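Read through the structure below, which is laid out as structure tokens, and then see the notes.
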Amino acid sequence: MATEKAPAAYDEDTPRGFAFALTAYLLWGFLPLYMKAVGHIPALEVVAHRVIWSVPIAAVVLIWLGRTQDIRAAFKSPRTMGMALITAALITVNWCIYVWSVAAGRAIETALGYYINPLFSIFLGAVLLRESLDGRQKTAIALAAVAVALLAWESGGLPWVSVGLALSWGFYAFFKKSLPVGPNQGFFLEVLVLTAPALGYIAYTEFNGTGHFGDTGMTDMLLLIGCGLVTAVPLMIYANGAKLLRLSTIGIMQYIAPTMIFFIAVFIFKEPFGAYKLAAFVLIWIALAIYTSSLLRSRKARQVAAASAPAAITD
């Protein structure tokens with residue numbers, strides 16, 4: 001089956017890759033502003049429109065790239081379609097939590113969830129893939145766990161928005177690696193398999209008079225159509241940028257979006273930010289600093305090994 005090869009970790013960062021990744025993370029960082037604009041619309045309806053209007057955008061990109069043959073081949077592979085169903089389900093859960101939480105005035109918790117995500121991904125790799133953890137990574141994961149426990153103590157239960165976002169995105173990324181197609185093709189398959197239930201839900205809301213597509217004015221209609229752009233464009237830009245950057249660079253840059261979400265939540269949305277949340281975020285920021293130092297240390301070790309390899313061969 002013809003697919004885009006998923007390259008191994010890039011040895012050098014490229015300006016083009018950095019520009020792609022930075023653009024994607026900035027778009028994701030500003031996304032809460034858009035989600036707030038559709039906050040009066042039920043989260044499921046917003047997610048359904050995110051799916052529907054992403055399909056034509058993803059299709060145009062695949063036609064432009066000349067990768068439509070990959071999609072035809074994927075339809076003939078039960079394994080590929082099965083994996084696409086799993087990743088589609090996980091991204092739907094993630095989108096629903098995200099859209100609901102921003103509308104409900106809990107954007108701070110979404111920022112925390114995406115801060116936790118890289119640490120959860122490390123934990124997931126250790127548990128499911130038996131990847132070894134160094135001391136810094138173990139310390140970072142422990143600090144993240146303490147931060148979650150602190151918020152649980154404050155609220156009398158798990159901070160389910162943060163945990164739900166970290167879990168759904170972490171497992172999505174994990175299973176996405178097993179999807180035997182390129183990232184653009186994979187995204188198209190995901191929204192395509194979600195099209196039927198999304199259309200069904202939209203039809204249901206329109207028939208019972210609770211829908212917002214055309215029934216509540218031109219502004220709502222345009223905002224719902226725009227959900228496709230704000231969903232598909234950053235994902236596809238990121239997918240292409242990630243190919244041209246080191247994994248450690250991507251690991252550091254992924255803090256851009258949750259940091260922007262955090263500042264938007266506190267200074268624009270004016271969400272309450274008490275002592276417990278402050279303490280939890282400080283713990284997470286310390287954990288991420290430790291995690292980043294581990295990434296940079298690993299990169300330096302690889303660079304030293306690569307520099308010494310030619311000398312070892314010529315001795």
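Keep in mind the model is a prediction, meaning the values are calculated, not measured.
Applying the salt bridge (Lys or Arg N to Asp or Glu O under 4.0 Å) rule to pairs touching residues 78-92 yields nothing, sequence neighbours excluded. Within the structure, every pair that satisfies the salt bridge (Lys or Arg N to Asp or Glu O under 4.0 Å) test and touches residues 183-209, not counting sequence neighbours, is listed here: Lys176-Glu190. Here ring pair (Phe, Tyr, Trp, His ring centres under 6.0 Å) pairs that include residues 61-95, with residues two or more places apart or in two chains, number zero.
The number of heavy atoms from other shown groups lying within 6.0 Å of NZ (Lys36) is above 12. Counting non-hydrogen atoms of other residues, nucleotides and ligands closer than 6.0 Å to CZ of Phe174 gives a total above 12.
Linking Ile, Leu, Val, Met, Phe, Trp and Tyr residues whenever their side-chain heavy atoms come within less than 4.5 Å leaves Val61 and Ile63 in two separate clusters. Residues Trp169 and Leu128 fall within the same hydrophobic cluster, defined by Ile, Leu, Val, Met, Phe, Trp and Tyr side chains chained together at heavy-atom separations under 4.5 Å.
Side chains of Tyr114 and Ser162: no donor on one and acceptor on the other come within 3.5 Å.
How far OG of Ser54 is from CZ of Phe187: 4.0 Å, rounded to the nearest 0.5 Å. Note that the OG1 atom of Thr139 and the CG atom of Leu143 stand 7.0 Å from one another [nearest 0.5 Å]. Taking CE of Met253 as the reference point, atom CG of Leu245 lies at 6.5 Å (rounded to 0.5 Å). Residue Ile116 holds its CD1 atom at 11.5 Å from OG of Ser121, rounded to the nearest 0.5 Å. Rounding to the nearest 0.5 Å places CG of Leu223 at 11.5 Å from CZ of Phe213. The distance from atom CG of Leu189 to atom CG of Leu194, rounded to the nearest 0.5 Å, is 11.0 Å.
Panel note: side chain Glu45, backbone Thr205; no donor-acceptor pair is recorded below 3.5 Å. With hydrogens and angles disregarded, a donor-acceptor distance shorter than 3.5 Å links the side chain of Glu271 to the backbone of Ile108. Using modelled atom types, one side-chain atom of Thr14 and one backbone atom of Leu244 make a donor-acceptor pair closer than 3.5 Å.
With sequence neighbours excluded, the residues satisfying ring pair (Phe, Tyr, Trp, His ring centres under 6.0 Å) with Phe267 are Phe263. Judged as a side-chain contact (heavy atoms from CB on, under 4.5 Å), and not counting sequence neighbours, Arg130 has no contacts. Checked against salt bridge (charged side-chain N to carboxylate O under 4.0 Å, His left out), Arg106 has the following partners two or more places apart in sequence or in another chain: Glu109. With sequence neighbours excluded, no residue forms a side-chain contact (heavy atoms from CB on, under 4.5 Å) with Ala89. Under the side-chain contact (heavy atoms from CB on, under 4.5 Å) criterion, Ile268 pairs with Leu33, Ile264, not counting sequence neighbours. Among residues two or more places apart in sequence or in another chain, the ring pair (Phe, Tyr, Trp, His ring centres under 6.0 Å) test is passed with Phe273 by Phe262, Phe281. Taking the ring pair (Phe, Tyr, Trp, His ring centres under 6.0 Å) definition, one finds that Tyr25 meets it with Trp28, Tyr238, sequence neighbours left out. Partners of Phe175 under the side-chain contact (heavy atoms from CB on, under 4.5 Å) rule, at least two apart in sequence or in another chain, are Met83, Ile86, Thr87, Leu90, Phe171.
Within the 4.5 Å cutoff, side-chain heavy atoms of Phe188 are placed close to those of Ile71. Considering only heavy atoms from C-beta on, Leu26 comes within 4.5 Å of Ile256 through its side chain. Residues Asn94 and Leu167 are not in side-chain contact: their nearest non-hydrogen atoms beyond the backbone lie 4.5 Å or more apart. Inter-residue side-chain proximity for Arg50 and Val99 is flagged as met; some heavy-atom pair is nearer than 4.5 Å.
Relative orientation of the Tyr201 and Tyr204 rings is tilted, given thresholds of 30° and 60° on the angle between their planes.
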Pair up each side-chain donor or acceptor in residues 282-290 with any protein partner under 3.5 Å, not counting sequence neighbours, and list the distances.
none

